[in-house]
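Letters A, B, ... are given to chains in the order of the sequence lines, protein chains preceding strands, and every chain is numbered from 1. Below, all heavy atoms of this structure are taken into account, side chains as well, without hydrogens, waters or symmetry copies. For clarity, every value in this text was computed on a predicted model and none was experimentally measured.
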Amino acid sequence: MPHEIVRGKVTEALQQALQQAKQKGQLIVETWPSITLDFPKRPEWGDLATAIAMSLASHERRSPKDVAQIILDNLDQPRSVFDRVEIAAPGFLNMTVKRDLWMKVLSQIEAEGNAYGQNDFGKGRRVLVEYVSANPTGPMHIGHGRGAAVGDAVANLLRASGFDVSREYYINDAGRQMKLLGQSVYARYRQRNGLTVVFPEDGYQGAYVEQMAKQVQARLGADLAALPLEQAQQQCQEFAYREMLEVIRQDLRSFGIAFDSWASEASLMSAGAVTSALEELRRKEFLFDQEGALWFRSTAYGDEKDRVIRKQDGEYTYLASDVAYHRDKLQRGYDLLIDVWGADHHGYIPRMQAVVQALGYPKDRLRVVLVQMVNLLRGGKKVEMSKRAGEFVALREVVDEVGADVAKFFFLMRSSDRHLDFDLELAKQQSADNPVYYVQYAHARVTSLFRVAASRGIAVPKPSEADLEALTDPDEFTLVRKLSAYPSVVEGSALALEPHRIVFYLQELAQLLHTFYFKHRILPPAAEGDASDAGQFVKDATVSSVKHREQLTPRLTGARLALMGQVGQVIRNGLGLLGVSAPERM
RNA sequence: GCGCCCGUAGCUCAAUGGAUAGAGCACCAGACUACGGAUCUGGGGGCUACAGGUUCAAGUCCUGUCGGGCGCACCA
């Protein structure tokens with residue numbers, strides 16, 4: 001179902017032509033591939049092109065050119081949609097669509113507003129996007145930040161594509177890491193009190209651990225030291241857990257990320273989810289005992305080896321709770337699960353997909369989005385990070401320094417499975433070098449333009465109120481075509497789970513806007529020092545410089561304002577998908 | 001050693017199997033007496049790592065080689 005008016009009409013016309021050719025016996029195919037439309041790279045190739053004839057050619061056992069000719073011959077009423085359709089070697093159909101059909105895109109954007117760009121591909125299917133899910137053992141670092149930005153944008157994209165989306169944070173609060181955190185805090189606490197200290201191997205070293213020890217001291221005083229070791233550590237762990245979770249919530253809040261639900265590993269376990277999940281696997285014969293451990297037969301679904309699920313010492317591995325958690329998610333009835341993971345976990349995909357299948361669901365019920373490392377730079381020089389020594393760059397620091405909008409945009413600028421260089425100096429620059437400002441400025445320009453118009457008493461019409469026939473310049477037309485592409489960019493981006501496509505689109509759209517804005521005037525000149533003359537237009541075409549020589553009539557001003565308004569709307573919608581604000585002033 | 005990802009302009013990166021591979025940065029040369037110069041215009045720059053193969057059509061798919069990253073725990 002096409003979701004944009006030009007593509008819709010063109011696709012429809014092509015389908016009818018194919019249908020008709022088939023009825024006449026000119027084409028034999030039973031089913032043909034979906035018709036894809038591209039923007040041709042060269043103007044002489046028309047506004048839209050399709051390679052459909054070429055993909056049909058081999059099945060038809062005809063040359064692509066013949067197939068294209070047949071389609072062309074069967075295009076019933078080309079004049080209602082097309083100005084011109086041509087065949088180009090080796091078999092492209094190059095179409096020039098009627099200008100007034102293109103212009104309807106503007107009214108469509110007006111009518112749909114914030115919803116322009118959405119599609120119904122998801123058909124209400126429920127999807128759970130799980131992301132961040134950092135252990136509550138410290139503040140979020142910059143890598144978590146990228147995961148958060150990606151997960152959130154993916155969720156936005158899916159919602160815009162008609163899915164019923166929930167966002168979930170899985171709290172790994174049951175494992176050894178939490179215990180280690182408790183021990184680390186307790187060790188620092190003892191240190192503060194001048195007691196003997198054995199700092200745990202691989203313990204948490206960050207300054208925040210000392211901070212928490214200080215707070216524990218303030219709350220519990222010296223009493224803690226009197227308790228048995230394990231009990232004392234347990235108290236520290238509980239305190240640290242609540243504290244860290246709160247820190248993470250605040251980190252997320254300041255980054256502008258909100259979850260619908262928080263799932264706790266510990267509560268899952270205490271509710272018996274692990275036991276019952278293992279029971280199910282055992283019943284289905286995916287478990288076996290060997291060398292005193294319990295194994296999951298993940299090789300049954302293509303994993304390279306089987307995996308231990310309960311160790312010799314009786315402790316469960318993380319796989320056990322992951323099985324339980326994914327089973328829980330599946331049982332909650334989601335049609336699709338999306339996990340956003342750090343790319344260093346890519347080796348776990350086969351086994352989690354094996355889990356999904358062992359539980360009786362299709363493999364593709366789970367899709368994993370991998371997020372690669374972030375290299376933090378400052379003026380081109382690498383900022384060294386080592387979580388081990390507790391020297392990692394906190395997300396909070398970056399957000400404080402460059403702002404949430406900039407940070408998100410940078411995180412989303414590249415395909416998520418590629419390493420990202422994040423240069424703090426560049427991110428702070430307020431220039432064209434900084435793509436965030438470039439896009440946001442385009443939006444601010446539109447709103448600024450409207451403010452000036454208002455101050456001069458010039459109305460900003462909607463497309464339905466404007467005379468769009470006044471838009472005859474190729475630059476206007478280029479903008480309209482770009483706007484028309486937005487819905488398919490959203491759909492492609494959602495299907496591929498690749499938010500960076502939106503970023504690229506927005507940069508291109510912003511560029512077109514800046515070019516247009518520089519080249520053309522929209523409002524008439526303000527009368528010198530006298531607002532009462534506002535509304536006067538240039539009647540004579542010989543004003544100052546060459547590039548401003550075009551006739552600016554109220555009719556053209558109105559139409560251009562209407563066009564600008566829709567550009568602003570689309571930038572707003574696109575930035576919205578990225579979770580980035582569209583400022584009216586900068 | 002095995003597996004996954006990657007190799008595209010000097011740098012950072014785009015490109016549902018489609019036409020002459022595109023942006024930004026950097027570099028060079030330019031542009032406003034009216035709407036925000038946080039802007040715009042032009043220029044040089046490429047055997048898409050290499051070698052085969054599939055296809056009407058390959059940066060894209062397959063095989064191999066070389067180079068880089070990440071995994072290969074009864075850690076999370």
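Dashed line: the shortest gap from a side-chain N or O of Gln511(A) to OP1 or OP2 of rG24(B) is under 4.0 Å. Phosphate proximity of rC75(B) to Lys311(A): present, with a side-chain N or O under 4.0 Å from OP1 or OP2. Of the side-chain N and O atoms in Arg445(A), one or more sit less than 4.0 angstrom from OP1 or OP2 of rG37(B). At rA19(B), one or more side-chain N or O atoms of Lys41(A) fall inside 4.0 Å of OP1 or OP2 (strictly under the cut-off). At least one side-chain nitrogen or oxygen of Thr515(A) sits closer than 4.0 Å to the OP1 or OP2 atom of rU41(B). Considering only side-chain N and O atoms, His500(A) lies under 4.0 angstrom from the phosphate OP1 or OP2 of rA15(B). Proximity of Arg418(A) to the phosphate of rG7(B): a side-chain N or O atom is located under 4.0 Å from OP1 or OP2.
Environment of CD in Glu44(A): crowded, with over 12 heavy atoms of neighbouring residues, nucleotides or ligands closer than 6.0 Å. Within 6.0 Å of the CZ atom in Arg451(A), the count of heavy atoms belonging to other residues, nucleotides or ligands exceeds 12.
Looking at heavy-atom distances under 4.0 Å, Arg585(A) makes contact with a base. Ala293(A) comes within 4.0 angstrom of a nucleotide base, judged by non-hydrogen atoms across all strands. Counting non-hydrogen atoms under 4.0 angstrom, Ala49(A) reaches a base of the nucleic acid. Counting any heavy atom pair closer than 4.0 Å across all strands shown, Ser63(A) reaches no nucleic acid atom. Residue Tyr318(A) is in base contact, counting any heavy-atom pair closer than 4.0 Å across all strands shown.
Remark: the Asn94(A) side chain and the rA19(B) base include a donor-acceptor N/O pair separated by less than 3.5 Å. Residue-to-nucleotide contacts include no donor-acceptor pair under 3.5 Å from the side chain of Glu304(A) to the base of rC72(B).
With rC35(B), rC74(B), rU16(B) as the choices, the nucleotide that has an atom nearest any side-chain atom of Gln312(A) turns out to be rC74(B). Which of rC6(B), rG71(B), rC74(B) sits closest to the side chain of His346(A) comes down to rG71(B). Each of rC35(B), rU16(B), rU39(B) was ranked by its minimum atom distance to the side chain of Tyr517(A); first place goes to rC35(B). Listed candidates were rA73(B), rC74(B), rG18(B). Nearest to the side chain of Lys305(A) is rA73(B). Relative to the side chain of Thr36(A), the nucleotides rU16(B), rC75(B), rC74(B) differ in distance, and rU16(B) lies closest. In the set rU16(B), rC6(B), rC13(B), the nucleotide with an atom closest to the side chain of Asp417(A) is rC6(B). In this structure, of rU12(B), rC70(B), rC40(B), it is rC40(B) that holds the atom nearest to the side chain of His514(A). Checked against rA31(B), rG36(B), rA14(B), the side chain of Ser448(A) finds its nearest nucleotide in rG36(B). Closest to the side chain of Val308(A), from the set rG18(B), rG36(B), rC74(B), is rC74(B). When each of rC72(B), rC75(B), rA19(B) is scored by its nearest atom to the side-chain atoms of Trp45(A), the top-ranked nucleotide is rA19(B).
Counting to the nearest Å, the C1' atom of rC74(B) and the CD1 atom of Ile309(A) are 12 Å from each other. Taking atom CG on Leu420(A) and atom P on rG69(B), their separation rounds to 18 Å, with Å as the unit. The interatomic distance linking Phe409(A) (CZ) with rG24(B) (P) rounds to 14 Å, in whole Å. Residue Asp313(A) contributes atom CG, which lies 12 Å from atom C1' of rC75(B) at whole-angstrom precision. Atom-to-atom, CG of Asp344(A) to P of rA73(B) comes out at 15 Å; the value is rounded to the nearest Å. As a whole-Å value, the separation of Ile349(A) CD1 from rC72(B) P is 13 Å. Taking atom CG on Leu495(A) and atom C1' on rU16(B), their separation rounds to 10 Å, with Å as the unit. Going from atom CZ of Phe121(A) over to atom C1' of rU16(B) covers 13 Å, rounded to whole Å.
Electrostatic pairing of Glu315(A) and Arg310(A) does not count as a salt bridge here, judged by no charged N lying under 4.0 Å from a carboxylate O.
Counting all heavy atoms, side chain and backbone alike, Ala582(A) lies closest to Arg572(A) at CB-CG, 3.7 Å. Residue Ala68(A) comes nearest to Leu93(A) through the heavy atom pair O-CD2, 4.0 Å, listed as atom of the first residue, atom of the second, then distance.
Both Pro90(A) and Arg307(A) lie near RNA chain B, and the one whose nearest nucleotide falls closer to the 5' end is Pro90(A).
Between Tyr318(A) and Tyr325(A), the ring center distance fails the sub-6.0 Å criterion. Between Tyr169(A) and Tyr131(A), the ring centre distance reaches or exceeds 6.0 Å. Checked against a 6.0 Å centroid threshold, the rings of Phe288(A) and Phe296(A) do not count as neighbours.
Residue Ile87(A) forms a side chain to side chain contact (heavy atoms under 4.5 Å, CB included) with just one option from Leu72(A), Asp66(A), Asn94(A), and that option is Leu72(A).
By the 5.5 angstrom centroid cut-off and the 30-degree plane limit, Phe92(A) is classified as stacked against the base of rA19(B). Residue-nucleotide stacking is not present for Tyr438(A) and rA38(B), judged by a side-chain ring centre under 5.5 Å from the six-membered base ring centre and planes under 30° apart.
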Note, RNA chain B 5' to 3' with Watson-Crick or G-U pairs under 3.5 Å encoded as ( ), [ ], | and . gives (((((((..((((....[...)))).(((((.......))))).....(((((..]....))))))))))))....

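For the pair Arg481(A) and Tyr486(A), the NZ or CZ position fails the cation-pi test of under 6.0 Å to the six-membered ring centre and within 45 degrees of the ring normal.
Spacing between rG46(B) and rG68(B) at atom P, rounded to whole Å, works out to 25 Å.
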